[in-house]
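Each residue takes its place number in the sequence, starting with 1. Keep in mind the model is a prediction, meaning the values are calculated, not measured.
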Amino acid sequence: MGKVNTKLHIGNLLLKRGVISKEQLDKAYDILNEEPENSTRRIGQILYQDLDLDRHTIMREIASIYAFDEIFYAQESLSEKKIENIRGYIDQMPKEVIDELVHQKALPVSKKATSLTIATPDPSNPDLSDIISKLNYKEYDIRYCRYELIEDILSKVYEQKNEFLDKLEDIDLEEGQITDEEEDIDEEEIDAEINQSMLNSLVEGMLVEGVRRGVSDMHIIPSGPATTDIRFRTDGKLQLWYQQKNVKPEAITAVIKDKTRNVDRFERDSSQDGFIQRVVDNYNIRYRVSIMPMVGAQFERKFESIVIRILDDREVITDLNVLGLQEKAKEDFVKAIEKPSGIVIITGPTGSGKSTTLVAALYYVIDPTKNVLTIEEPVEYLIKGARQLKIGKNMTFEQAIRGILRHDPDIVLVGEMRDLQTAEVAIKMANTGHLTFSTLHTNDAPSAVSRLYKMGIEPFLIANAVNLVMAQRLVRRLCSCKQVTEPHVDTYKSIGFTEEEIENNTFYEAVGCEKCFNTGYKGRVAIMEALYFSKEIKKIILESGGEIDEEKIKQTAIKDGMLTLRASGRERIKNGTTTVEEIMAITIED
């Protein structure tokens, strides 16, 4: 109760100081009251994460309330000399402690014999004191610093060296070492190639660099008889990271296979799945490896495409409030997952954040009194408090589905409703007192109803079992280097903006800087279409007969306040989160 009172006290002080309005404070309190008891979110985070208020204005005032002074006031960047000093402080301190500080967006910026000054955009962060105490200074002074400035300083002083890539730069393969004529696979020759430390450094360096850059997937693709492209997927877009020339692609493939468990290096004609584990920056990282044979210009060569998915549990969102669900979608989503039974379905293409949303939802409802089971193939993230069933040759996905009801579940996550049998079991669980979560591959929320019907599920079962269907996509978030732009009226009208909205809102365009690798975007945010199954929606489905009327379902839901994907995207554009180009590229007309 003490924590809640503190949060309310800070909110009231912000109101008295005129930083927020009474309406904004009431909204923040409503969100606070809906949060689970173990939530550690503070009122400031709710105000800028959920209500889109200016982060700097809110956090500077909270720092003032707690009597934390501001450092580097009104500075856009620091001098090179100051940057050099901060870099020197970091070099003198234990790396593992600095890593922890950086993870909390905090930095040592000034040092005396017995005292240390730490700059951070959130001085009220309770984790900071424990970390700073490891540095063994008698006194330390925590100061508030604007988030964007901390990010800028970090990009200049916290350069994590990749020892494997450093080794790679010292090795220079002679041009022409591998020729186009050398087409037959010679195992001894490949062994000789992969014994070079260069290839080992390349692969290990790739694994480390992918984690540090926040990459979701790494693609290793043969692009010629002696050339391999390595592409990183960052914020949903593939970009060339490195091109290895003068080495046969089979040699690089063999190095990766040797490092991967559960795959056969000498099998080149069928797909294989395995995994790699590494400790990167003192944290255990898992990599999921998919290998598939592919055709190249040299038909007799055994080329293979490799995709490595990075599974970093630090990136898992366990707090539903941090997902960034828009107001009505969040209200309906919470209402759906708080029910004791029924199914909640997330739809969207691969890479649209379905698993992230489901994991956050599970963490919201998990408690020790409930038996939570998951059936996923493969398991991506470890969920504390859930029993994640192990799918393999001894227990297939289908066997797990058939046996799940005998395992006394309260809450079940079915990774994907891939066929009629899976869908029938998921719907049956939802109709027999179990809260069920699952995913489908459909374009929008109403079409998920049609998809279930076409799979063979009766309309009355769909109407009675489903609590909510939420379609979602991920769009790139503008970097802080964004600039105000003059909207092209016809373009903005084409995605549903009115003339009044165009006139009364500020719009931004992507620019590009070092922090975002000159893309103009950094990170991603979800747009969502949350179809809550109200009595009226259920009635439409029950009366549908032999054909589901998707348009009628959609229009009824819109009347109830549902935002379509495109309407959700327009809200993201209006609050300066993304651009019209991003929304046009990822959504279709309403």
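Under the 3.5 Å distance criterion, with hydrogens and angles disregarded, a donor-acceptor pair is assigned to the side chains of E376 and Q388. For the residue pair K111 and N85, no side-chain donor N or O sits within less than 3.5 Å of a side-chain acceptor on the partner. Looking at D217 and Y287, their side chains never bring a donor and an acceptor atom within 3.5 Å of each other. Defined by atom type and a distance below 3.5 Å, a donor-acceptor pair is present between the side-chain atoms of T587 and R566. Defined by atom type and a distance below 3.5 Å, a donor-acceptor pair is present between the side-chain atoms of Y364 and E338.
Nearest heavy-atom pair across S568 and M528 is OG-N, 3.1 Å. Residues F232 and I230 share a closest heavy-atom pair of CE2-CG2, 4.0 Å. Across every non-hydrogen atom of V19 and E61, the tightest pair is CG2-CG, 3.3 Å. The two atoms that bring T439 and G415 nearest to each other are OG1-O, 2.6 Å, heavy atoms only. Closest approach of G44 to I62, counting heavy atoms only: CA-CD1, 3.5 Å. Of all the heavy atoms in I502 and P487, the pair that sits closest is CG2-CG, 3.8 Å.
For H56 and Y144, the gap between ring centers is short of 6.0 Å.
A salt bridge does not link R146 to E70: none of the charged side-chain nitrogens sits closer than 4.0 Å to a carboxylate oxygen. Of the charged side-chain nitrogens involved, none lies within less than 4.0 Å of a carboxylate oxygen, so that K482 and E509 do not count as a salt-bridged pair. Using a cut-off of 4.0 Å between Lys/Arg side-chain N and Asp/Glu carboxylate O, E582 and R477 are scored as not salt-bridged. Here K27 does not pair with D30 in a salt bridge; the nearest charged N to carboxylate O distance is not below 4.0 Å. Using a 4.0 Å cut-off between charged side-chain N and carboxylate O, R476 and D235 make no salt bridge. Between E209 and R212, none of the side-chain N atoms (NZ, or NE/NH1/NH2) sits under 4.0 Å from a carboxylate O, so this pair counts as no salt bridge. Under 4.0 Å is where a charged nitrogen must lie from a carboxylate oxygen, and between E501 and R570 no such pair does. E84 and K81 are not joined by a salt bridge, as no carboxylate oxygen comes within less than 4.0 angstrom of a charged side-chain nitrogen.
The environment of CD in E327 is sparse: at most 12 heavy-atom neighbours from other residues, nucleotides or ligands sit within 6.0 Å. Environment of NZ in K390: sparse, with no more than 12 heavy atoms of neighbouring residues, nucleotides or ligands closer than 6.0 Å. By the neighbour-count criterion of 12 heavy atoms within 6.0 Å, atom OH of Y283 is densely surrounded, having more than that number from other residues, nucleotides or ligands.
Classified by interplanar angle (parallel below 30°, tilted 30° to 60°, perpendicular above 60°), the ring pair Y492/F497 is tilted.
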Review point. Run the side chain to side chain contact (heavy atoms under 4.5 Å, CB included) check on Q472 and T357 step by step: do they pass?
Key: CA-CA 9 Å; Q472 69 177 55; T357 300; 2.8 Å; yes
Check your understanding: Run the side chain to side chain contact (heavy atoms under 4.5 Å, CB included) check on L53 and I20 step by step: do they pass?
Key -> CA-CA 9 Å; L53 299 184; I20 59 175; 3.7 Å; yes
Practice item. In sequence, state the C-alpha distance, the side-chain angles, and the governing distance for V280 and L207, and then conclude on side chain to side chain contact (heavy atoms under 4.5 Å, CB included). Key: CA-CA 9 Å; V280 178; L207 296 176; 6.0 Å; no
Practice item. Show your reasoning for whether salt bridge (charged side-chain N to carboxylate O under 4.0 Å, His left out) applies to R143 and D141. Key: CA-CA 6 Å; R143 301 277 192 93; D141 180 17; 2.7 Å; yes
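Between K328 and M562 there is no side-chain heavy-atom pair separated by less than 4.5 Å. In this structure the side chain of L238 reaches within 4.5 angstrom of the side chain of H219, judged on heavy atoms. Looking at Y363 and V365, their side chains never come closer than 4.5 Å, going by heavy atoms from C-beta outward. Side-chain contact between L128 and Q104 is present, with at least one heavy-atom pair separated by less than 4.5 Å. At a threshold of 4.5 Å between non-hydrogen side-chain atoms, the residues K156 and L78 do not count as touching. Under the 4.5 Å side-chain criterion, counting only non-hydrogen atoms from C-beta, L101 is not in contact with L107. Side-chain contact between F68 and D122 is absent, with no heavy atoms from C-beta onward closer than 4.5 Å. Proximity of I142 to T120: side-chain heavy atoms (C-beta onward) are separated by under 4.5 Å at one or more points.
A cation-pi arrangement is present between R55 and Y147 under the rule of less than 6.0 angstrom and at most 45 degrees off the ring axis.
The side-chain hydrogen bond (donor to acceptor under 3.5 Å, both in side chains) with Y521 is formed by just one residue from the set T578, T579, T234; it is T579.
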